[in-house]
Amino acid sequence: MLRNPEEIVADGIREFGNGRERLMQLLTKVNEELSWIPTTAIEAIAKATGISVAEVYSVVSFYSFFSTEPRGRNIVRLCSTISCVMTGQDEILKALMDEFGIEPFGTTDDGRLTIETTPCIGLCDQAPAMLVNGEPHVKLTPEKACEIVRGLG
Amino acid sequence: MEKKVLLAEDQPEFGAGFELALTMSPADVVYIVRDSGIKGRGGAGFPTGIKWNLAGAASSDVKYVICNADEGEPGTFKDRILLEKYSERLIEGMAIGGYAIGSSHGIIYLRAEYPYLIPAIEEARKNMIDRGLLGKNIRGKGFDFDVEIRTGSGAYICGEETALIESLEGRSGFPRNKPPFPVNSGYLNKPTIVNNVETFCAVPHIILGGSEWYADLGIGDCSGTKLFSISGDVEKPGVYELPLGAPLKDLLELAGAKDIQAVQVGGASGRTIRATEIHRSLSYDDLPPGGSVIVFDSTVNMLDVLENFMEFFVHESCGQCAPCREGTLQLMNAVEDLISGDICSEESLNSYFRLAEVMRITSKCGLGQTAVNCFVDIINNFVDFTGECVSGECCCERGDQ
């Protein structure tokens, strides 16, 4: 069961404090637990830190790994930089799109999965690569990638 | 030839460099680092000892030691290897930095793409605490030091040191105007040194081996060894350690590069050269030694490569200054027109080359200043203009100049 955003923020404040220099940690905590950052969380963080709602929102929107839209509980980030592209990233992306019926940055209707593309994730020596909920998966083939994603909860 | 120091099989015990540093005065530690000639291993190449000297001289009760572990340059993964295997060396280097400048606070700013490295870093910190090398009154010298890990959230620009500091302060990663420099006014307006993972990892070796030993590891005027991440069309992609100043061809041989059409050195923001230029050296005076090397064989369409990199810069420009925000978009348009055939002559690109020059001169930070490199290099070196119009609506029809 997902916790409500205010509860997560309150927890984060206890853990990190409410200084403005803790903003990234608070946002990361919400983003990791819910897969996105709802307005209620932004408002709770603004209230606790004394930063305006508009500014917290602008910070959220600046960083690619934060989202102001709901995402799936599993997030796949497929590297889109050249070393991965040269080793077959496009076939992997196509296979994932076909099997799970979504476009890049799309989320399945059941809220299970979001697939994104992302610039270089630093696994070029084992390309093509992707991060699944932050864990690296390397030397992918379309079959291998689909199998990994199929196995997610 | 490889020359392994940071990645050597047989290494001094973690902490030995720090223990030795604690027997010296902070000023002497700074001088050893300065005299070693080491320059920032992230790529910008600012002399580390000068940075530390300035931060050490700044008067403040509170100072910060920040490790830039936000390696985001396409094709770079050397810091990943260091963080996986040598986090204790890194923290040791940061502690030496803290002792040298008079700081008790270390922060590792880790890129969001590397969350799986956090356990290794935390374990390294714990080992250092257990051995009494982090914490209060270390070795009875009255010096306190500890580190915390903070993560980014997927923004390339936060590898720029002032953008990184902005991010740590809870803001969007917009680079600051300099001066003031972080050594005087950095994190929370306190004197701050920001150094790359590899720089901090080299410091304990410098303390133990001495500045002269370290300087002699490099070739010519270059000091020390350097890690390079190589990928693309090579048989053995990976991280190799070479004397700084080594010719690129040495690295290419180690990694098994054959049928070379192009080599990109220094990542998307670096230089893209032809196979005829691989005798050039990996050094701050020649090919940028930031760490990324990508090889492209003769089957690769270099315009596709350019498109991939321009997409990257359009996505990663922070949007703060116009030359970079608008310029990257315009160069992207030009690349798309080249691919579709809507630009078919070199003359039609003149205005884009002028724009590239404007971006290089007027962008606020290194991102916009160097985003033009791949555009200029790939078009100059790898695009043939046949003079034949393939599109009915190309530049000739429009009369562009």
Side-chain angles (χ1 to χ4, degrees), chain A residues 16 18-29 31-32 37 45 49-51 55-67 75 77 79-87 89-90 116-139, chain B residues 71-81 109 111-116 118 150-158 167-174 187-188 229-234 236-239 255 264 267-268 292 294-297 299-300 304-305 307-309 311-312 315-316 318-319:
Chain A
F16 307 119
N18 68 346
R20 84 156 295 147
E21 75 278 11
R22 298 296 167 181
L23 180 57
M24 290 292 285
Q25 285 164 293
L26 295 169
L27 292 172
T28 300
K29 188 177 174 73
N31 195 58
E32 278 180 0
I37 304 177
I45 290 172
T49 57
I51 308 169
E55 197 183 347
V56 176
Y57 181 87
S58 90
V59 172
V60 173
S61 67
F62 183 85
Y63 293 93
S64 300
F65 277 30
F66 294 152
S67 175
I75 299 180
R77 293 189 171 99
C79 178
S80 61
T81 294
I82 197 73
S83 290
C84 284
V85 170
M86 285 162 68
T87 43
Q89 183 260 12
D90 52 342
E116 302 186 345
T117 57
T118 191
C120 191
I121 53 175
L123 294 162
C124 331
D125 52 340
Q126 303 158 76
M130 65 181 181
L131 295 173
V132 178
N133 300 327
E135 286 300 315
H137 295 270
V138 300
K139 295 183 178 169
Chain B
E71 69 173 345
E73 190 61 54
T76 311
F77 45 92
K78 65 180 183 67
D79 293 344
R80 189 193 83 224
I81 306 291
Y109 185 87
R111 69 185 306 222
E113 290 81 352
Y114 289 169
Y116 52 93
I118 293 174
R150 307 269 288 268
T151 55
S153 200
Y156 169 71
I157 188 60
C158 290
S167 178
L168 281 176
E169 290 184 0
R171 297 189 178 84
S172 301
F174 294 133
Y187 180 56
L188 304 177
S229 337
I230 183 164
S231 65
D233 291 315
V234 295
K236 290 171 280 180
V239 174
Q264 186 165 48
S292 163
I294 307 176
V295 179
F296 305 100
D297 72 17
T299 65
V300 176
D304 293 340
V305 175
E307 185 186 30
N308 188 274
F309 287 130
E311 277 172 3
F312 170 77
H315 184 257
E316 296 301 335
C318 78

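Atom set for the values below is all heavy atoms of this structure, side chains included, hydrogens, waters and symmetry mates excluded. Computed from a predicted structure; not experimentally measured. Order of the sequence lines fixes the chain letters, A, B, ..., with proteins taken first and strands second; residue numbering starts at 1 for each chain.
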Bottom line for B:C158: the part with an atom under 4.5 Å from chain A's heavy atoms is side chain

Say you draw a straight line from CD1 of B:I157 to CZ of A:F62; how long is it, rounded to the nearest 0.5 Å? 7.0 Å

Interface moiety of B:E316 toward chain A, non-hydrogen atoms closer than 4.5 Å: side chain

Please name the pair of heavy atoms, one in A:C120 and one in B:G75, separated by the smallest distance, quoted to 0.1 Å. SG-N, 3.4 Å

Quick one: does B:Y156's side chain get under 4.5 Å of A:P119's, heavy atoms only? no

Shortest non-hydrogen contact from A:G122 toward B:F77: O-CB, 3.1 Å

About how many Å separate CG of B:L168 and CG of A:L23, when rounded to the nearest 0.5 Å? 11.5 Å

Side chain / backbone / both / neither for B:V239 at chain A, heavy atoms under 4.5 Å: neither

Identify which of A:I82, A:T81, A:L26 forms the greatest number of heavy-atom pairs closer than 4.5 Å to chain B. A:I82

Rounded to the nearest 0.5 Å, what's the gap from CD on B:E113 to OG on A:S64? Could you check? 8.5 Å

Quick check: closest heavy atoms across B:P115 and A:G134, and the distance to 0.1 Å? CG-O, 3.4 Å

Chain A contact via B:Y114 - which portion, at a heavy-atom distance below 4.5 Å: side chain

Would the distance check show the side chain of B:R171 and the main-chain N or O of A:V59 forming a donor-acceptor pair, the cut-off being under 3.5 Å? no

At a heavy-atom distance under 4.5 Å, which candidate from B:A255, B:S167, B:S292 has the highest pair count against chain A? B:S167

B:R80 and A:L123: side-chain contact (heavy atoms from CB on, under 4.5 Å), yes or no, with the steps? CA-CA 9 Å; B:R80 189 193 83 224; A:L123 294 162; 3.5 Å; yes

Could you tell me the separation between the OG1 atom of A:T117 and the NE2 atom of B:H315, rounded to the nearest 0.5 Å? 7.5 Å

Winner by heavy-atom pair count (cut-off under 4.5 Å) against chain B, out of A:R20, A:M86, A:E55, A:Q126: A:R20

Run the side-chain contact (heavy atoms from CB on, under 4.5 Å) test on A:S80 and B:F312 for me, step by step, so that the C-alpha distance in whole Å, both residues' side-chain angles and the decisive distance to 0.1 Å come before the verdict. CA-CA 9 Å; A:S80 61; B:F312 170 77; over 6 Å; no

Over 12 foreign heavy atoms within 6.0 Å of OH, A:Y57: no

Hey, what do you get for OG1 (B:T151) to CD (A:E32), rounding to the nearest 0.5 Å? 6.5 Å

Looking at chain A, which one of B:P237, B:G173, B:S172, B:A268 has the largest number of heavy-atom pairs inside 4.5 Å, strictly under? B:S172

Of the backbone (N, CA, C, O) and the side chain (C-beta and beyond), which part of B:D79 lies under 4.5 Å from a heavy atom of chain A, both, or neither? neither

Could you go through B:I294 and A:S83, starting from their C-alpha distance and side-chain angles, then the distance that decides it, and tell me whether this counts as side-chain contact (heavy atoms from CB on, under 4.5 Å)? CA-CA 7 Å; B:I294 307 176; A:S83 290; 3.8 Å; yes

Separation of B:S153 OG from A:N31 CG (nearest 0.5 Å): 6.0 Å

By a 4.5 Å heavy-atom criterion (distance strictly below it), what part of A:L131 contacts chain B: side chain, backbone, both, or neither? side chain

